[in-house]
Each structure stands twice: as C-alpha cells, then as structure tokens.
Amino acid sequence: MTEKRDRIAGGLYGLLIGDALGVPYEFYEAQELPPYEEIEMTPPSGFKKTYPQVEAGTWSDDGAQSLCLLDSLFKQGGFSLKEYSDELLAWYEEGVWAVGGQVFDVGVQTGQALHAYKEGAAPEQCGLLNPQGKGNGALMRTLPLALWHFAGGAKDPESRERNLVRDAHHQCLITHGHVCNQVCSALYCLVAWGLLEGLEVYEAIQKGVQRLRRIYREQPEYERELEWSIRPDLPWEGKGTGYVVDCLRSAFMILERASNYEDAVKQAVQLGNDTDTTACVTGGLAGIRYGLQGIPKRWLLALREREKVEQMMDCFSKMW
C-alpha cells in the first residue's frame with residue numbers, strides 16, 4: 001500500500017470507526033462512562049448502550065453523511081451543493097449510505113433543514129432556518145473534501161487550498177449555514193491537508209491556521225469568526241460537546257497529546273457528551289496521522305458494511 005493511499009484510507013476508516021466506537025456511549029457524562037481500558041465497540045457487561053437496538057460496529061449519521069459527500073464528489077467530479085443536498089435527503093428518507101439502511105440518529109437542525117429542502121427551499125437557505133445554529137453537524141462530515149482534493153483536484157497548491165476552503169464552506173449551507181460552522185469546517189480540512197502531506201500534528205494545525213488567515217484576508221467576516229470565535233492562538237481545549245467550536249477544539253487537543261489512533265478515539269469518547277461525533281472528528285485526523293496500518297485490526301474487522309468503504313477506496317484508486 002502506498003503512503004498516500006494509506007493516509008487517505010486511514011482518514012476514511014478512521015472517521016467511520018471513531019463514529020462507531022462512540023455510538024454506544026452518546027449523551028453520557030464523562031464520569032458515567034466505563035474506564036479507558038474498557039471503551040470498545042461492545043461496551044462492558046452492565047453498561048446500558050444509548051441505542052440498544054444498534055449492533056456494534058455501526059456508524060451513525062456522521063459516517064453516513066460523510067459517505068454521501070464522498071459519493072457526490074466522485075459522481076460529479078467536484079462539489080455540487082444541489083447534488084450533495086439530494087444525497088443527504090436520500091440518506092434522511094431512504095437510509096442511503098446508512099448501515100443496513102437504518103437512520104437512527106438525526107440532529108434537530110439537520111432534520112428541519114432537510115425537511116425544508118424536500119418542501120422546495122433552496123439549499124443555501126435551509127441551513128439558516130436556525131440563523132444562530134452552531135452545532136457540529138456539518139463539521140462531522142467535511143473530511144472527505146480534504147481527502148478528495150488531496151487525491152486530485154487543481155494542480156496549483158494555492159488554488160487547491162482555496163478550492164478546498166470554498167467547498168468546506170459550501171457543504172455546510174444545506175444544514176448549518178452560520179459562518180462559524182463554515183470556518184470550523186475549513187480549518188479542519190486544512191489541518192487534514194497538512195497531515196496528508198506528512199506533517200506532525202502541531203505543525204499541521206499551525207500551518208492550517210496560517211493558510212486560513214492568508215485566505216481570509218480577503219473575507220473580513222470569516223476572518224473575524226476565526227479570530228474571535230475559534231481563537232486559534234489559545235491552547236486547544238475542549239469538553240466533547242456538540243458546539244462546533246468545542247468539537248473542533250476537542251479534536252485538536254486530543255491529537256496533540258495522543259500516542260496513537262486507538263488512544264485518540266478512546267480519549268474522545270471519554271470526554272462524554274457527543275461521543276460519536278467527537279470520536280469521528282478526532283478519528284478522521286488520527287487515521288490520517290497514523291495511517292490505515294495504525295488502526296487496530298479488531299476495529300477494522302468489527303466495522304459493519306466495510307464493502308461500502310472499499311467501494312469508495314476503489315474510486316480513489318482511479319484518481320492516481
């Protein structure tokens with residue numbers, strides 16, 4: 001396996017496995033969770049799973065929406081808000097890209113936005129039905145943009161960065177249109193890009209911030225959001241909540257101190273609260289950093305419907 005493919009596969013599997021690992025523990029407070037050593041896709045005996053009917057190794061809305069995004073990129077040869085919105089609606093109503101076709105976890109804002117889209121609202125407006133909505137529902141699914149642009153896209157480095165940031169902004173619009181969500185998604189994608197280039201975590205985060213600051217010189221509204229909401233000069237600290245800034249900060253905090261992929265996603269789950277999304281967002285970056293080879297085989301084997309992931313990896317293989 002080439003290094004490039006290993007990192008891309010690590011990112012894709014990493015986000016799905018992190019999501020699946022966090023599903024049984026969602027909404028629990030940190031002190032209510034099993035000890036670190038017992039965090040597994042099948043929780044220890046006596047622990048009451050959040051979704052009793054969901055089998056171990058099942059990704060949730062985070063993973064399904066990420067696969068919708070990746071599928072639309074391959075089908076269209078680039079990002080199309082209309083096509084992506086159609087894919088999300090197909091997931092919401094028909095279970096497309098959901099494991100077993102079963103949708104069991106939908107954020108309130110996402111559900112409202114997709115209902116409005118079905119009724120004929122423009123996708124650019126659906127994510128602003130709650131104008132101040134700053135949940136992590138768009139951040140959780142944005143990683144495929146970084147993987148796709150890294151695998152192909154424009155040849156000029158600066159154009160690729162700008163195109164990636166533009167698409168990261170636009171993919172938010174269908175469900176989470178606030179500029180804060182767009183900036184968090186853009187920074188996350190640029191950090192993923194740095195990790196795909198082989199940078200260490202600290203350097204990837206710093207370079208991602210520098211790249212975004214350069215792009216936002218021409219976009220003062222976005223620049224203000226980066227500096228005053230995300231505050232990238234402060235230490236990265238987070239509590240694993242569903243607030244998009246806290247989710248991003250939690251992932252960066254964990255990545256800076258984790259020793260490997262398993263450590264990263266277990267730390268994410270142990271924060272409690274929005275465990276599946278924190279572990280998904282963290283796991284995607286950790287999967288790139290440590291590669292597919294760094295993900296425990298027991299979790300790879302436990303992931304349900306891996307053939308869907310391999311279908312996406314086959315599409316990547318045709319890009320190089």
Side-chain angles (χ1 to χ4, degrees), residues 1-21 23 57-81 83-92 94-103 138-153 160 163-164 167-168 171 185 188-189 192-193 195-196 261 265 276-277 279-295 297 299-320:
M1 179 181 293
T2 66
E3 186 175 10
K4 184 176 184 178
R5 188 183 192 280
D6 186 55
R7 287 180 181 152
I8 290 173
L12 186 55
Y13 273 104
L15 75 88
L16 293 169
I17 288 172
D19 181 11
L21 182 70
V23 163
T58 301
W59 62 74
S60 69
D61 55 335
D62 309 51
Q65 290 183 39
S66 297
L67 291 172
C68 285
L69 176 54
L70 191 53
D71 185 47
S72 71
L73 289 168
F74 285 128
K75 285 179 177 177
Q76 299 300 313
F79 182 75
S80 162
L81 181 58
E83 295 301 325
Y84 182 47
S85 301
D86 288 346
E87 288 244 9
L88 286 182
L89 186 60
W91 160 75
Y92 184 58
E94 304 165 26
V96 172
W97 292 106
V99 176
Q102 300 298 311
V103 177
L139 174 65
M140 70 187 191
R141 67 193 185 212
T142 197
L143 183 62
L145 286 170
L147 303 180
W148 187 86
H149 276 279
F150 185 76
R160 294 172 82 177
N163 291 346
L164 176 56
D167 290 348
Q171 72 87 19
S185 293
Y188 181 83
C189 282
W193 186 284
L195 293 171
L196 287 162
Y261 175 85
V265 291
D276 61 331
T277 299
C280 173
V281 171
T282 304
L285 296 181
I288 295 171
R289 166 63 182 84
Y290 297 104
L292 182 63
Q293 306 297 328
I295 298 177
K297 287 191 168 47
W299 287 347
L300 286 167
L301 294 174
L303 188 68
R304 300 176 65 200
E305 299 191 7
R306 294 190 307 280
E307 66 277 5
K308 291 181 176 177
V309 193
E310 287 306 309
Q311 177 184 338
M312 293 292 96
M313 288 308 304
D314 287 343
C315 292
F316 273 119
S317 296
K318 296 173 184 176
M319 298 179 70
W320 55 67

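Model, not experiment: these values are computed from the prediction. Nothing fancy with the numbering, it's 1 onward along the sequence. Just the heavy atoms: all of them, side chains too, but no hydrogens, waters or symmetry mates, feed the values below.
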Exercise. For the residue pair L88 and C68, what are the closest heavy atoms and their distance?
Worked result: CD2-CB, 4.3 Å

Exercise. Is there a donor-acceptor pair closer than 3.5 Å between any side-chain N or O of R7 and the backbone N or O of L196?
Worked result: yes

Exercise. Considering residues at least two apart in sequence or located in another chain, which fulfil the ring pair (Phe, Tyr, Trp, His ring centres under 6.0 Å) criterion with W193?
Worked result: F150

Problem set entry | Backbone N/O of M313 and side chain of S317: donor-acceptor pair under 3.5 Å | yes

For this session: Under the side chain to side chain donor-acceptor pair (under 3.5 Å) rule, collect the residues that match up with W299, sequence neighbours excluded.
Result: E40

Exercise. Taking it one step at a time, do L69 and F79 satisfy side chain to side chain contact (heavy atoms under 4.5 Å, CB included)?
Worked result: CA-CA 8 Å; L69 176 54; F79 182 75; 3.7 Å; yes

For this session: Mind checking side chain to side chain donor-acceptor pair (under 3.5 Å) for D167 and listing every partner two or more places apart, or none if nothing turns up?
Result: H149

May I have the list of side-chain donor-acceptor pairs in residues 12-20 shorter than 3.5 Å, sequence neighbours left out?
| residue | atom | partner | partner atom | Å |
| --- | --- | --- | --- | --- |
| Y13 | OH | E310 | OE2 | 2.4 |
| D19 | OD1 | S60 | OG | 2.7 |
| D19 | OD2 | S60 | N | 2.8 |
| D19 | OD2 | S60 | OG | 3.2 |
| D19 | OD2 | G63 | N | 3.0 |

For this session: Go through the structure and list residues passing side chain to side chain contact (heavy atoms under 4.5 Å, CB included) with Q311, not counting sequence neighbours.
Result: W97

Problem set entry | Pairing residues for V103 by the side chain to side chain contact (heavy atoms under 4.5 Å, CB included) criterion, not counting sequence neighbours | W91, A98, V106

Exercise. M140 and S66: side chain to side chain contact (heavy atoms under 4.5 Å, CB included), yes or no, with the steps?
Worked result: CA-CA 8 Å; M140 70 187 191; S66 297; 5.8 Å; no

For this session: Under the side chain to side chain contact (heavy atoms under 4.5 Å, CB included) rule, what do L143 and I288 come out as? Steps first, then yes or no, please.
Result: CA-CA 10 Å; L143 183 62; I288 295 171; 4.0 Å; yes

Problem set entry | Partners passing side chain to side chain donor-acceptor pair (under 3.5 Å) against Y84 (at least two apart in sequence or in another chain) | R141

Exercise. Does any N or O in the side chain of Q293 come within less than 3.5 Å of the main-chain N or O of D6, such that one atom is a donor and the other an acceptor?
Worked result: no

Problem set entry | side chain to side chain donor-acceptor pair (under 3.5 Å): pairs with one or both residues in residues 281-290, sequence neighbours excluded | E200-R289

For this session: For the residue pair L300 and L292, establish whether any side-chain heavy-atom pair is separated by less than 4.5 Å.
Result: yes

Problem set entry | Nearest-0.5 Å distance that lies between atom CD in E94 and atom CG in L89 | 7.5 Å

Exercise. Is the backbone N or O of L303 less than 3.5 Å from a side-chain atom of R306, with the two atoms forming a donor-acceptor pair by type?
Worked result: yes

Seminar exercise, completed: Rounded to the nearest 0.5 Å, the CG atom of L139 sits from the OH atom of Y188 at a distance of 6.5 Å

Problem set entry | Rounded distance [0.5 Å steps], CG in L73 versus CE in M312 | 10.0 Å

For this session: Using the salt bridge (charged side-chain N to carboxylate O under 4.0 Å, His left out) rule, collect all pairs that involve residues 57-79, keeping only residues at least two apart or in two chains.
Result: D71-K75, K75-E87

For this session: List the atom of G283, the atom of V265, and the distance in Å for their closest heavy-atom pair.
Result: CA-CG1, 3.6 Å

Seminar exercise, completed: Nearest heavy-atom approach of L145 to C189 is CB-SG, 4.3 Å

Problem set entry | Over all atoms of both residues, closest heavy-atom pair of W59 and R304 | CZ3-O, 3.2 Å

Problem set entry | Test log, rule side chain to side chain contact (heavy atoms under 4.5 Å, CB included), inputs Q171 and L81 | CA-CA 6 Å; Q171 72 87 19; L81 181 58; over 6 Å; no

